[in-house]
A.B. asks: 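Here it is, the structure, as C-alpha cells.
Whatever order the structure lists them in is the order used to number ligands and atoms, beginning at 1. Sequence positions, counted from 1, serve as the residue numbers for this chain.
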Amino acid sequence: MSKTRLAELEAELEQRTRELVATQAQLHSLIERNADAIVVVDEQGICQFVNPAAERLFRRRADALLGSALGLPLVVGETTDIDIVGEGSGVAEMRVVETIWQGAPALLAVIRDITDRKRAEQEREQLFLEQTARAQAEEALRERDDFLALASHELKTPVATLSATAQLLHRQIERQGSLDPDQQRRALERLHEQSRRLSILVEHLLDVSQINSGKLSVTRLRADLCALVSDVVTARQLTATHHRLVVRGPEHLEIDVDPVRVGQILTNLIDNAVKYSPDGGAIEIELHCDEASGTARISVRDHGIGIPLERRSRLFERFYRAHADGHVSGMGLGLFITHHLVELHGGDIEADSPADGGARFTVSLPLHTA
Ligand code: ADP
C-alpha cells in the first residue's frame with residue numbers, strides 16, 4: 001500500500017473516530033438530560049446504569065443504585081404503573097425493553113413520573129363526580145317540586161268536588177226538605193267516585209314511598225285468580241258506567257299471590273283502560289293458563305287512544321306520562337307501582353297496542369305449584 005493511501009486511511013479513521021465520539025457525547029447528553037428515568041438492569045436484576053432523572057425519581061444517588069437490585073417487577077413489552085415511595089411519593093409509568101449492555105443481554109427500563117398527570121386526572125374525575133352529584137341533587141329537588149305541585153293539583157280536584165257536592169246536598173235538603181231518589185243517586189255516585197279517586201291517590205303516594213324505602217312487600221297466599229278478577233270487575237263496573245267490562249277465561253286458576261296486591265294490579269290496569277278510552281266501549285279482561293311456562297296470564301285490553309310504539313319502553317318509569325297533553329289527569333305512578341308489584345310476585349308485565357287500536361297490558365304471574 002502506498003504511503004499516500006495509508007495517510008488517507010489514517011485521516012479517514014481519525015475523522016470517523018471524531019464523529020463517533022461526537023455521537024456518543026450527543027447520546028450521553030440526551031440520556032443525561034432526559035426527563036424520563038433510564039435504568040439498565042442486567043440478567044440478575046442488578047442496576048448497571050442510571051441517568052440523573054432516575055436518581056431524582058428514586059431519591060437515591062447513582063452510587064447507591066448501581067450494583068444493587070432495582071426491586072421492581074420488570075416485564076418486557078409492558079407498560080406498568082409503579083408507586084414512587086418515600087418523601088413526596090407519587091406514581092410513575094414504566095416501559096421495559098430488551099437491550100444489550102456491555103455485550104450481555106440486559107433490560108432497559110424507561111420510567112416517567114406521572115404524578116402530576118395522575119393528580120390532574122384525579123382532580124378532573126373528582127370535579128366531574130361533584131358536578132354530577134350537584135346536577136343529580138338539583139334534578140331530585142326539581143323532581144320533588146314538580147311532584148309536590150302535581151300531587152297537590154291531583155288531590156285538589158276530588159277534594160273540591162267532594163266539598164262542592166256536600167254543600168249542594170246541604171242546600172238542596174234545606175230548600176226541599178228531602179232529595180228525590182234521582183238526585184240522591186247522582187250525588188252518591190259523585191261522592192263515591194271522588195272519594196275512590198282520593199283514596200287511590202293516597203294509596204299511590206304511600207306505595208311509592210314504600211317502594212323508595214324498599215319496604216313494599218307481598219304476602220303470598222293460595223288464591224283463585226278468576227274470583228279475584230271477578231270481584232274487582234264487579235266493583236269497578238258500578239262506577240264505569242260508559243264502559244262494558246268483559247271477562248273471558250277459565251272458571252278457576254290457582255296461583256300463589258298476595259290477593260290484595262293482585263287486586264291493586266288489576267284495579268290500576270282497569271282504571272287506566274277506563275281513563276284512556278274516553279269514548280267508552282268494551283274493556284276485555286282475558287285470563288289464560290299457560291302450563292308449559294308455568295304462568296297465568298291476565299290481559300286488560302281497551303279500545304281507547306292507544307300508546308305510540310316509541311313511548312312504550314318508558315311506560316313503567318316513575319312519573320312517566322305517555323300522553324302529557326294535560327287532557328287526562330294523572331301522576332304517572334300507577335304503572336310504576338304495578339310493575340313493581342308484578343316483579344315482587346316474580347312475574348312480568350308488557351304493553352302493546354293491537355292493530356285495530358287501543359292498548360293492551362299483559363301480566364304474567366307464576367302458577368300455584370303444589
Ligand atoms: P297516570 O295514568 O296517572 O298518568 P300511569 O302510571 O297509570 O299514570 O300510566 C302512565 C302513562 O301510561 C299514562 O300517563 C298514559 O300516558 C299511559 N297509559 C297507561 N295506560 C294506558 C292505556 N290503557 N291506554 C293508553 N295509555 C295508557
A.B. asks: Among G304, A273, G306, which one has a heavy atom closest to atom 25 (C) of ligand 1?
C.D. replies: G306
A.B. asks: For E310, I'd like to know if atom CD has over 12 heavy atoms of other residues, nucleotides or ligands within 6.0 Å.
C.D. replies: yes
A.B. asks: So for ligand 1, is G334 a polar contact partner (N or O within less than 3.5 Å, distance only)?
C.D. replies: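 It does: an N or O of G334 is found under 3.5 Å from an N or O of ligand 1.
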A.B. asks: Give the atom numbers and elements of ligand 1 that come within less than 4.0 Å of a heavy atom of A359.
C.D. replies: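 Taking each heavy atom of A359 in turn, ligand 1 has 22 (C), 23 (N), 24 (N) under 4.0 Å.
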A.B. asks: Quick one: do E139 and R142 make a salt bridge, cutoff under 4.0 Å?
C.D. replies: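 Between R142 and E139 there is a salt bridge, with a charged N closer than 4.0 Å to a carboxylate O.
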A.B. asks: Give me the atom names and distance for the closest heavy-atom approach of L344 to V218.
C.D. replies: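 What the structure gives for the nearest pair is O-CG2, 3.8 Å.
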A.B. asks: How does A322 reach ligand 1, if at all, at less than 4.0 Å between non-hydrogen atoms: by side chain, backbone, both, or neither?
C.D. replies: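 Both the backbone and the side chain of A322 come within reach of ligand 1.
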A.B. asks: Quick one: look up the protein heavy atom nearest atom 7 (O) of ligand 1 and list residue, atom name and how far away it is.
C.D. replies: N272 ND2, 2.8 Å
A.B. asks: When rounded to the nearest 0.5 angstrom, what is the spacing between CD1 in I46 and OG in S68?
C.D. replies: 7.0 Å
A.B. asks: Tell me: protein heavy atom nearest atom 10 (C) of ligand 1, and distance?
C.D. replies: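 Looking at atom 10 (C) of ligand 1, the protein heavy atom closest to it is Y320 O, 3.3 Å.
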A.B. asks: Does R117 come within less than 4.0 Å of E121, counting only side-chain N to carboxylate O?
C.D. replies: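 Judged by the 4.0 Å cut-off on N to carboxylate O distance, R117 and E121 do form a salt bridge.
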A.B. asks: Counting heavy atoms only, which part of I307 comes closer than 4.0 Å to ligand 1: side chain, backbone, both or neither?
C.D. replies: side chain
A.B. asks: Would you call F316 a ligand 1 contact, heavy-atom distance under 4.0 Å?
C.D. replies: no
A.B. asks: I'd like to know if R56 and D113 make a salt bridge, using a cut-off of under 4.0 Å between side-chain N and carboxylate O.
C.D. replies: no
A.B. asks: Who's the nearest protein heavy-atom neighbour of atom 26 (N) of ligand 1, and how far?
C.D. replies: H323 CE1, 3.1 Å
A.B. asks: Using a 4.5 Å cut-off on heavy atoms from C-beta on, say whether the side chain of E284 contacts that of H303.
C.D. replies: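 The answer is yes; the side chains approach within 4.5 Å.
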A.B. asks: Can you measure from NZ (K118) to OG1 (T115) and round to the nearest 0.5 angstrom?
C.D. replies: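 K118 atom NZ to T115 atom OG1 measures 10.0 Å (nearest 0.5 Å).
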A.B. asks: If you measure every N or O of G330 against every N or O of ligand 1, does any of those distances drop under 3.5 Å?
C.D. replies: no
A.B. asks: Membership question, hydrophobic clusters at under 4.5 Å side-chain separation (ILVMFWY): are F147 and L198 in the same one?
C.D. replies: yes
A.B. asks: Which residue holds the protein heavy atom closest to atom 17 (C) of ligand 1, what is that atom called, and what is the gap in Å?
C.D. replies: L315 CD2, 3.9 Å
A.B. asks: Could you identify the single nearest non-hydrogen protein atom to atom 3 (O) of ligand 1 and state the distance to 0.1 Å?
C.D. replies: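 I find the closest protein heavy atom is M331 N, 2.9 Å.
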A.B. asks: Within the 4.5 Å heavy-atom criterion, are N268 and H204 side-chain neighbours or not?
C.D. replies: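 SC-SC contact between N268 and H204 confirmed.
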A.B. asks: Looking at L333, which atoms of ligand 1 are within less than 4.0 Å of one of its heavy atoms?
C.D. replies: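 Result: 6 (O), 8 (O).
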A.B. asks: Just wondering, more than 12 heavy atoms not from R18 lying within 6.0 Å of its CZ?
C.D. replies: yes
A.B. asks: When you look for heavy atoms under 4.0 Å from ligand 1, do you find them on the side chain of R321, its backbone, both, or neither?
C.D. replies: both
A.B. asks: Just say parallel, tilted or perpendicular for the rings of F361 and F316, cut-offs at 30° and 60°.
C.D. replies: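 If you compare the ring of F361 with that of F316, the planes turn out perpendicular.
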A.B. asks: If you measure every N or O of Y276 against every N or O of ligand 1, does any of those distances drop under 3.5 Å?
C.D. replies: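 Yes: some nitrogen or oxygen of Y276 is under 3.5 Å from one in ligand 1.
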A.B. asks: Could you tell me whether F361 approaches ligand 1 through its side chain, its backbone, both or neither, with non-hydrogen atoms closer than 4.0 Å?
C.D. replies: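 Under 4.0 Å from ligand 1, F361 contributes side-chain atoms alone.
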A.B. asks: Would one find an N or O of L335, backbone or side chain, under 3.5 Å from an N or O of ligand 1?
C.D. replies: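 In this structure, L335 places an N or O atom under 3.5 Å from an N or O of ligand 1.
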A.B. asks: Report yes or no: does a heavy atom of K275 sit under 4.0 Å from some atom of ligand 1?
C.D. replies: yes
A.B. asks: What protein heavy atom lies closest to atom 23 (N) of ligand 1? Include the residue and the distance to one decimal.
C.D. replies: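 Residue, atom and distance for the closest contact: D302 OD2, 2.8 Å.
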A.B. asks: For ligand 1, is there an N or O atom under 3.5 Å from any N or O atom of S329?
C.D. replies: no
A.B. asks: So, 4.0 Å and heavy atoms of G332: is ligand 1 close enough to count as a contact?
C.D. replies: yes
A.B. asks: Between F319 and V208, is there a shared hydrophobic cluster once you connect ILVMFWY residues whose side-chain heavy atoms come closer than 4.5 Å?
C.D. replies: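 Per the 4.5 Å side-chain linkage, F319 and V208 are co-clustered.
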A.B. asks: Would you say F336 and ligand 1 have an N/O pair spaced under 3.5 Å apart?
C.D. replies: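 No, no N or O pair falls under 3.5 Å.
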